[in-house]
Amino acid sequence: MQLAKAYDPKTAESRHYRRWESLGFFRPEINQNPHASKFSIVIPPPNVTGSLHIGHALQHTLMDVLVRRKRMLGCRTLWLPGTDHAGISVQRKVVEQLRKEEGKTPLEIGREEFIRRCWLWKEQYGNTIIEQMRREGASVDWSRHRFTMDESYSRAVRSVFCTLYNEGWIYRGWRIVNWCPRDRTVLSDLEVKEEVRPDGKLYYLKYPLVDDRGKTLTVATTRPETMLGDVAVAVNPSDDRYSDLIGKLIELPLAARQIPIIADEYVDPGFGTGAVKITPAHDLNDYEIGRRHDLAGILVMNDDGTMNSNAGRDFDGLDRFEARQEVIARFGELGLLEKIEDYELTVPVCERCKTIVEPILSEQWFVKMDGLRDLALVLMENEGLPRFWPEVPHKKVYTSWLENLKDWTISRQLWWGHRIPAWYDEAGNVYVAETESRASELALGKSLHQDPDVLDTWFSSALWAFATMGWDGEVVETEDLRTFVPTDALVTGRDIIFLWVSRMVMMTKKLIGCHPFNDVIVTGTVLGKDGKPMSKSRNNGVDPIEMFDKYGVDATRIYLASIATGADIRWNDLLIETYRNFANKIWNAARFCLLNSGGAVVDLGALLEPRSAADKWIISRFNRVAIAVGSALDKYQFHEAVQILYHFFWDDFCDWYIELVKDEITGEAENEETSILRCRIMTILEQSLRLLHPFMPYLTEEIWEKLPGVGPHLHNEAYRNAPASIMLSDYPKGNEQLIDERAEAEMQLVIELIKRIRNIRSEMNIKPGQRIPVFVIASDGQEQIFKANEAPILKLARAASLTVGRDFELPRASAKAVLAGGSEVVVPLEGLIDFTKERERLKTQLTKLENELTRISAQLENENFVLRAPAKKVGDLRKRKSELEQQQAMMRSNLAAIGE
RNA sequence: GCCGACUUAGCUCAGCGGUAGAGCACUCGCUUCACACGCGAGGGGUCAGAAGUUCGAAUCUUCUAGUCGGCACCA
């Protein structure tokens with residue numbers, strides 16, 4: 001079988017995914033072992049509005065690595081995909097589309113039509129991500145794909161709402177909430193971000209007292225327009241400046257209203273003037289003060305951020321920022337504006353549209369979080385679940401966030417989403433039920449209308465761990481739920497630990513009684529080339545599809561997996577190139593094996609009877625690597641696994657093993673030894689491909705299917721009846737019995753010898769084509785090793801002859817080097833040697849050696865070290881020291897021999 | 001204000017108590033019959049600074065400086 005000279009990712013990427021999918025390889029049902037343990041992951045459902053970005057690619061890669069490995073290990077494996085309806089995002093897109101294409105507003109086409117448009121939009125654009133995930137090679141079970149507004153998922157949402165309501169965990173009430181005047185909906189605290197405004201102002205307004213004519217009290221505010229809703233001015237009761245004013249009345253300017261001066265501990269006498277205007281309908285703290293003093297708030301704004309009629313005829317209809325200017329102007333005219341100070345302030349903004357969020361008194365639905373929070377805290381306290389990877393800092397951040405949790409605003413003034421299952425009669429009584437007919441029963445047939453609001457998208461995604469498994473409130477036991485929940489791992493970004501992870505924990509614990517997942521693997525952020533978070537405005541984004549096209553999916557995947565778990569990474573194309581080259585290296589190693597295969601086939605038996613030291617060595621190395629990869633992945637140390645595999649394949653397998661056996665394999669002679677050797681190298685290649693498969697699925701499958709002798713008999717026992725594919729082959733776990741320390745030490749010595757000779761050749765400018773005689777003065781026990789490996793030494797050191805002995809008379813004009821264990825290599829260079837150069841070469845090496853020797857000697861001379869360090873450490877160091885001393889002596893005499 | 005992370009070779013990053021590592025870049029040499037997306041040989045670091053713990057610190061503790069996060073407050 002001939003392979004092309006360079007690996008072309010596109011060929012492989014176009015072929016395998018469809019086959020894997022259509023043969024059902026991604027489904028847990030492919031596993032025919034009734035006793036198989038399970039492994040399950042649910043995907044963090046991407047928004048239907050989104051397209052794949054590099055963060056998805058990173059998370060999907062890690063999930064796929066886990067899933068593919070576990071599947072190959074014989075687990076009944078499920079990776080469940082899906083998408084999120086993304087309430088506000090979709091609504092905004094459809095509103096925009098409507099405006100652009102038809103010049104209409106949602107109100108003009110009506111709720112029903114609007115929702116129909118949302119579904120259309122979703123059908124048209126919502127599958128982008130799904131198609132892109134196929135390209136990634138993500139081995140998700142598409143037959144179990146879920147959308148958060150699927151019929152059964154919606155039933156689950158309504159059911160959970162009703163349950164929580166009936167148990168008193170959900171309530172409706174008036175609270176100060178975050179209001180986005182542009183989206184015209186309430187937002188939860190988590191959807192509000194902070195923005196620093198260095199150019200902010202603090203306005204000092206003078207409020208005239210009613211009785212003491214001419215006397216005023218100055219308050220400081222950043223939002224003067226809210227004064228139209230003031231109901232009091234508060235001072236600290238211990239503030240001597242104002243104590244005589246407490247209880248007096250103020251004539252509120254522009255509002256024709258008298259308001260009292262009250263005393264409250266909340267007021268900080270040191271800030272501003274020490275007197276605070278109180279606007280309970282527009283500020284959380286003012287609201288609390290209002291409650292303490294029994295003062296009702298006056299709402300002066302509409303839902304679009306304009307002032308309402310409560311603000312007075314002159315302000316009604318004005319935008320809040322126009323109203324601010326107007327208020328300031330009027331105060332100025334009245335001589336009541338004391339001053340305006342520059343004041344850096346942070347304003348709350350809508351996470352998505354960046355509009356300044358208005359705190360506003362509003363009637364909304366909330367989830368009481370104290371009980372739910374305790375479920376999560378107890379789970380962490382008692383069982384340490386979920387386990388965060390990396391644990392620092394996420395465990396602490398997660399628990400301390402829970403400890404300070406406030407109630408969750410879950411209603412949204414949108415149309416796209418899960419409509420709140422609450423109905424009202426004409427008297428305003430509320431009936432909460434899964435369906436309208438049940439609500440109607442509760443209302444004894446009174447005429448009802450449903451609450452117009454929908455639920456926060458995160459309310460529905462909080463149910464993702466179990467609503468995806470068929471749970472809908474009526475059906476509470478399903479095969480999938482029993483089998484796959486709790487899931488094993490959740491791979492997600494830092495940004496949604498509060499929004500999603502914590503809420504899934506609470507809801508799953510509450511509704512199902514168990515935790516949703518064991519491990520949470522928190523990925524870092526992939527930053528742009530400029531080291532800043534990727535964003536459209538910075539135009540520093542990296543499109544994973546472009547990377548796939550340019551470097552191949554496999555190279556992109558293994559690069560993403562090579563990023564340390566949880567660490568932020570600055571994007572750099574050069575690093576992907578490294579792995580593109582690696583893919584090519586693998587391809588060419590396979591090409592070599594196939595070009596020289598003869599009649600060889602993949603045969604695990606060929607690994608059981610190693611012939612040469614090189615065979616024993618590579619088999620030992622392979623098993624060591626397989627074990628190390630397994631333990632790295634068990635700890636979610638993907639990058640560690642990648643490094644191990646990269647260096648094993650490139651350094652050990654390609655640079656050394658292939659080179660060591662090359663002559664024999666490419667030789668014309670066809671004998672039994674050669675064929676076994678060919679089987680062996682083919683098998684090591686095949687085993688390596690299996691280890692690499694979770695990271696590089698396309699490349700490994702593409703090569704694997706071309707190897708002679710592969711088939712379902714190589715599958716894990718759970719898949720013996722399935723069509724052949726590397727993705728069902730048995731994942732090598734590594735066998736400790738096959739680690740051969742002696743063979744590894746032996747080969748290391750041979751490698752060192754070859755490197756020393758190459759160093760001499762290079763430093764002495766010996767032409768690559770020139771063969772040179774090599775002598776080795778072997779120390780005790782090493783003679784045999786060199787003799788046994790004569791052929792590879794001759795080849796790889798380009799030596800004409802290798803003479804191994806205990807003692808030689810050798811010409812002064814020789815280059816020499818000392819090996820670990822005391823052997824010495826001598827290359828006679830009659831006529832070729834440049835003594836100056838050789839002295840330099842020896843001196844460089846001597847210096848290196850002596851630096852180490854000095855350090856070690858100092859350490860051993862330290863009595864405390866000898867006394868307190870572990871005996872083994874001291875022993876090792878003594879051994880090292882005596883070896884270094886021996887080498888030093890030899891090198892010194894070599895140096896002396898050619899003259900200082 | 002509270003909590004936290006990061007600072008290691010020119011660049012991007014591993015390592016996190018016992019001889020400073022990788023990839024890229026750099027220097028030198030190679031059309032060696034799998035691969036120039038390659039092969040071989042090299043150069044390059046007082047591990048941000050200071051103090052401490054320890055026989056021993058890049059690795060633990062404290063402080064300082066710089067960079068970046070999260071949370072809270074903001075009349």
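Chain letters run A, B, ... following the sequence lines, proteins first, then strands; residues in each count from 1.
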J.: When we call it a touch if two heavy atoms are under 4.0 Å apart, what does A:Lys529 touch: a base, just sugar-phosphate, or nothing?
T.: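 Contact class for A:Lys529: none.
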J.: Out of B:rU19, B:rC74, B:rA14, which has the shortest distance to the side chain of A:Tyr343?
T.: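 The listed nucleotide nearest to A:Tyr343's side chain is B:rC74.
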J.: When the C1' atoms of B:rG21 and B:rU61 are compared, how many Å lie between them, rounded to an integer?
T.: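 That atom pair is separated by 26 Å.
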J.: Between the base of B:rC37 and the side chain of A:Arg580, is one N or O donor paired with an acceptor at under 3.5 angstrom?
T.: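 Looking at the base of B:rC37, it does pair with a donor or acceptor on the side chain of A:Arg580 (distance under 3.5 Å).
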J.: Would you mind classifying the nucleic acid contact of A:Glu863 as base, sugar-phosphate or nothing, using non-hydrogen atoms under 4.0 angstrom?
T.: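 A:Glu863: no heavy atom of the nucleic acid under 4.0 Å.
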J.: What is the nucleic acid contact for A:Cys654, judged by heavy atoms within less than 4.0 Å: base, sugar-phosphate only, or nothing?
T.: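 Result for A:Cys654 = base.
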J.: Where the side chain of A:Lys396 is concerned, which of B:rA20, B:rG43, B:rG4 is the nearest nucleotide?
T.: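 Side chain of A:Lys396 sits closest to B:rG4.
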J.: Taking only the side-chain nitrogens and oxygens of A:Lys755, find out if one of them lies under 4.0 Å from OP1 or OP2 of B:rG40.
T.: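 False: A:Lys755 side-chain N/O out of range (4.0 Å or more) of B:rG40 OP1/OP2.
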J.: As a test of reading the structure: which of B:rA34, B:rC13, B:rA22 is closest to the side chain of A:Ile658, going by heavy atoms?
T.: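 So the nucleotide nearest the side chain must be B:rA34.
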J.: If you take atom types as modelled and just measure distance, does the side chain of A:Glu194 reach the base of B:rC73 with a donor-acceptor pair under 3.5 Å?
T.: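 For A:Glu194, whose side chain was compared with the base of B:rC73, there is a donor-acceptor pair (under 3.5 Å).
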J.: What's A:Thr346 touching, base or sugar-phosphate or nothing? Going by heavy atoms closer than 4.0 Å.
T.: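 Base: the residue A:Thr346, judged by heavy atoms under 4.0 Å, touches a nucleobase.
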J.: Taking the minimum atom-to-atom distance to the side chain of A:Asn588, which one of B:rA34, B:rG18, B:rG15 wins?
T.: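 The listed nucleotide nearest to A:Asn588's side chain is B:rA34.
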J.: Can you tell me, in whole Å, how much space there is between the C1' of B:rC33 and that of B:rA14?
T.: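 About 38 Å, rounded to a whole number of Å.
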J.: Is the shortest side-chain N/O distance from A:Trp650 to OP1 or OP2 of B:rC39 below 4.0 Å?
T.: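 Answer is yes, contact under 4.0 Å.
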J.: Kindly point out which of B:rA34, B:rC37, B:rC74 is positioned nearest to the side chain of A:Asn285?
T.: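 Given the options B:rA34, B:rC37, B:rC74, the side chain of A:Asn285 is closest to B:rC74.
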J.: Test A:Arg494 against every option in A:Thr523, A:Val397, A:Asp568 by the side chain to side chain contact (heavy atoms under 4.5 Å, CB included) rule and name the one that passes.
T.: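 The single option meeting the side chain to side chain contact (heavy atoms under 4.5 Å, CB included) with A:Arg494 is A:Asp568.
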J.: Ignoring backbone atoms, establish whether A:Tyr646 has a side-chain N or O less than 4.0 Å from OP1 or OP2 of B:rG21.
T.: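 Checking A:Tyr646 against B:rG21: no side-chain N or O falls below 4.0 Å of OP1 or OP2.
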